[in-house]
Each structure stands twice: as structure tokens, then as C-alpha cells.
Amino acid sequence: MKKDKKSGKLKVLFVASEMAPYAKVGGLGDVLGSLPKALAENGIDVGVIIPKYEEIEKKFRLKFLLGNFEVFFGGKKEKISVYSAKREKVKVFLIENEKYLSRGPVYSSRTAFVDRFGEIQRFLFFSVAVFELLKSGKFSFRPDIVHAHDWHAGPLVSMIKNFNLPLKTVFTVHNLENQGKWRFKELEKWFFPFRGRVNFFRNFNGKCNLIAEGIINADILATVSSSYAEEIQIQKYGAGLEKIIRKSKPLGILNGVDYDFYNPGTDRFIFPNYSAKTPYLKEENKIAFQEFCGLAVGADKPLFGLVSRLTGQKGIKLLLSLIKDLTEKYGVQFVFLGQGQRILERKLLEARKRHKGNVFVKIGFDEKLAHKIYAASDFFLMPSLFEPCGLGQMIAMRYGAIPVARKTGGLKDTIKDGENGFLFGKPNSVSLKKAILKALRLFFDKARLEKMRKRCMKENFSWGKGALEYKELYYNL
Ligand code: NHF
């Protein structure tokens, strides 16, 4: 593998739809905000390129890098500009284009899953733009490896392979359920002929599948935990792609968490800062939070938090039927933050109305509130039907909120039942309730509760190990 002549460093360009703090909708944004940083600390020269969305705040000082760069797309010439920023040692690049990239929110749907052709066009355009930049020689960052993420950057991997760009590629799947599928016919008009070739994308029963393009064409396929890497090779979790995934032999590299950002000792968003040595300050967070959001106040009330996209994947339905019993019979309090399917949002809001004082719900994204929930909660709920990695349980542990989660994917890889959390197997309410009741027994046994909480806070889910695994993988390429 050739290295940058001047610095002697390997150069890797991350390509994705999100990067915290510029544009973050979910875990993908967190990973793009933290893994490049950890790699840069490990001697890799890392760049990240994302679209310059309309909502990227003015407070980020961006430098104009390149303008009037032509990209041929949809039968027309489009112009892009590239801006840059530096985040610690990471070089950030943002592509601006009025028509496709820089108008409207990051994703069109509340679930963050693709539901409109406009979104397919947006990220197809993004891939074409990055491809043309890399090819042109005009882009100052010249990578050895392109590390693409999820369907939004899948087409780029395919183009690099099909047009023999002398670059190695790594493709990481963060969520196989969101595939970027669309009617092949509709796509043809916009995308083909691309550089004189037609139809190099696969046609899967009349549909293009942009995550599959990444999976098939990448030199290395990775995903975000060992268990998920295993799971997606079987029909139950493979979302129809298990066969091509088996062929690509996915590597599971567990995500890490940015411990500078998620640190109860320094977090600016929570009530008092605290550590494992000051559990009474965590209790103060709970009380302040209960007052803050109108819950009945009391340290003796077990508080369960949930911060998540509100979709089928997240197992919210398993929880809904338990709220009445758990609040009325056991004095449990619930806090929910997230957005997604309207029906789930509505059901949660109804529960809030019905169990006023014991249930708090906020629909939407709210970073500050999310931190307050981690700090205030005794327990953190993740009843997911599947979970590629899950960052919530790792962040929760850091804040001393004990996870109660389903035994799947990354949850299974990070939680040891009865040691640093509670796991349940069957995806139904009965199993979930059993796990919650175990958590409640712990709650009322203060000595055991403190022990488990301390164990959680001592866990190390920082990027150290995962970053080294990615580094090794790059060098092996
Ligand atoms: O942690 C970042 C995140 C994962 O399980 C999560 C998910 C989406 O579903 O890798 O991506």
C-alpha cells in the first residue's frame, strides 16, 4: 500500500451521509464523528466527506476550497463547491449543490429510512460527485483507501470498482434494513449512461439496491459488531441479502463511543457532573430531571430511559403494553425521546397523557435532553428486535444507567446479563417484562444496585480497540 509521500501516513477518506456534530441524525453520525478522530490519533491521515446540508449551522467556520466543479448527472451539468473544516486532526469536506444536496433536511422521512426517489437521487448524486472529485486530481485530499458507509455511499464503491479507480475500498454496514432500494427503471434515466457505460448496477428483481452495490464491490466488508456480522448471514436477519453477505465474509468491528463527549464528569448538558465515586450526584441528576420534565419527584422511583429512533426495529411495541402495569403496580417512571413512525409516536404521547407524572415523552431530536436522560436514568431500555451495534447501551453504562436490552447484535456483545445489565431473549413483552422485573429487584437492593452501577461505569467502550482493528485492516489491504 502506497503512503502519502510527505507524511508517510496512510490516507483514508470516509464517505457518509452524516458526521457529528455537523449533521447527526443517529448512531451513524456519532460513529463518523468519533472513529476518524481515533484513527487520526493512531497515525492515519483521515478525511471525511459529507453533503453540505442546508441545516449545517453557520457556527461551523467552513473554508471555501473549490468551486464551479462540474458533475454530469440526470442528463445535465450540475455544479458543486467543496468546503473544508478541521476537527482536531480530521479533515472534513462538505459538498454543496443547491439542487440535490443543500436543500431540506438530511433525510426526508421521520424514520431516517429512504422513502422517496428524491433521496435516492440526492445520495446517488453525492456518490457521483465524490467519484468525479477523486478522479479529477483537483481534490487536495488524495486517499489510498475509501471507507464508505451504508447505502448512501454504496454507489461510490461500485463506481470505483467498475471504473477501475486505483483505490482500495472498505464498506461498513450500519443498518442492513435501510437498503436504498428503488425501481431500476426510474434510476436508469438519472444515472445511466454514466461515463459511457450502462447498467453496471445490479438489477435485483426490477430494483436497484444501493447497499448491495457497496457490499458486492468493496474490497472489504465490515459491520459494527461480531454478533451482527454473524446474524446478517442468515435469512432471519439478512433482509434478503444474506447470500451476497456470506460471499463477502463480513468482519465485525465493535463501534466505540467518544468518551470526551459522553463523560458525566464534564458533560455541560446534565445537572451536576458526577463520577462512579459520587453516586449521590447521579441521584441529584434524577431529582433535578424529574422536576425539569414534570415527573413525580423522588429518588425512590425507578426511572427507565429510552433514546432512540421510534421504529419497528427498536421494539417499542413490546414496551407499550407494559407501561400501565409497571407504572401503576411498581411505581416505575419512563422517559422517551425520539422520533419515527407516527403510530408509535402517537401511542407514546397517549401513554404520557394517561400516566402523567410517571411518563415523559419528547418527540424529536434533542442532544441536550438525551444527555440529561442518560444521567438521570437508573435503567436504559433497548428492547430492539435487531441491533447492529447500538451506542445507547454503551453511553448509558458510562453514565451509570444500567441497560435492559434484547440479546441481539451489539447488545449481546456488550452486555453481560446480571453483571452490567439485563438481557432477554424472546422478542415479546413477557420476556421484556421479566427483565424489567429483575432490574426492579436490583433497584430495591441498594448495595447490589451500586455494585452493578459501578461495574457499568468502569466498562471501557472507547474507540481504542476498534480503531486499531480498522487500522490493521487498512494496512492489510
Ligand atoms: O450502532 C452506528 C449505528 C448502530 O445499532 C446501530 C444502528 C445504526 O442501528 O453504527 O448504526
Side-chain angles (χ1 to χ4, degrees), residues 14-20 23-39 48 50 106-107 109 111-114 147-154 170-180 211 214-215 221-232 237-239 241 250-258 261-262 306-316 338-341 365 370 374 380-398 403 405-415 423 461-463 465-467 469-470:
F14 276 61
V15 187
S17 57
E18 301 179 32
M19 176 192 185
K24 173 183 152 179
V25 177
L28 177 65
D30 274 319
V31 170
L32 268 285
S34 53
L35 171 59
K37 191 171 118 186
L39 286 166
V48 180
I50 58 168
V106 177
Y107 306 122
S109 81
T111 61
F113 279 22
V114 60
H147 188 163
H149 299 261
D150 272 354
W151 76 262
H152 319 92
V170 177
F171 186 65
T172 296
V173 169
H174 293 261
N175 193 332
L176 194 61
E177 209 184 36
N178 190 16
Q179 300 189 350
I211 208 168
I215 294 170
L221 175 64
T223 187
V224 290
S225 71
S226 305
S227 287
Y228 194 58
E230 294 282 313
E231 287 171 355
I232 55 178
Y237 292 100
L241 298 180
L251 291 169
I253 299 181
L254 190 71
N255 281 337
V257 168
D258 183 346
F261 186 57
Y262 292 110
L306 182 146
V307 179
S308 173
R309 270 184 307 112
L310 303 176
T311 59
Q313 174 198 342
K314 301 295 180 181
I316 316 290
Q339 75 170 37
Q341 289 167 4
F365 293 109
Y374 288 120
F380 192 78
L381 288 161
M382 292 185 77
S384 309
L385 304 186
F386 69 91
E387 195 60 71
C389 174
L391 300 175
Q393 81 280 18
M394 300 196 254
I395 300 168
M397 283 192 234
R398 175 86 162 141
R406 198 166 155 258
K407 195 174 175 185
T408 181
L411 297 170
K412 184 170 148 190
D413 294 354
T414 50
I415 301 171
L423 288 173
F461 294 113
S462 62
W463 263 112
K465 189 163 168 270
E469 285 177 60
Y470 272 116

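Whatever order the structure lists them in is the order used to number ligands and atoms, beginning at 1.
- Contact detail for L306 and P383: the closest heavy-atom pair is CD1-CD, 4.2 Å.
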request  = Tell me, with the steps shown, if I395 and F380 meet side chain to side chain contact (heavy atoms under 4.5 Å, CB included).
outcome  = CA-CA 10 Å; I395 300 168; F380 192 78; over 6 Å; no
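- For the ring pair (Phe, Tyr, Trp, His ring centres under 6.0 Å) test, no residue two or more places apart in sequence or in another chain qualifies with Y237.
- R309 contributes no side-chain N or O that, together with a main-chain N or O of G340, makes up a donor-acceptor pair within less than 3.5 Å.
- With 3.5 Å as the limit, one finds a donor-acceptor pair spanning the side chains of S109 and T111.
- Ring-plane geometry between Y262 and Y374 is classed as perpendicular, the angle between the planes exceeding 60 degrees on a 0 to 90 degree scale with a lower cut at 30.
- Residues with a heavy atom under 4.0 Å from ligand 1: G27, L28, V31, H174, N175, V224, N255, Q313, E387, P388, C389, G390, L391.
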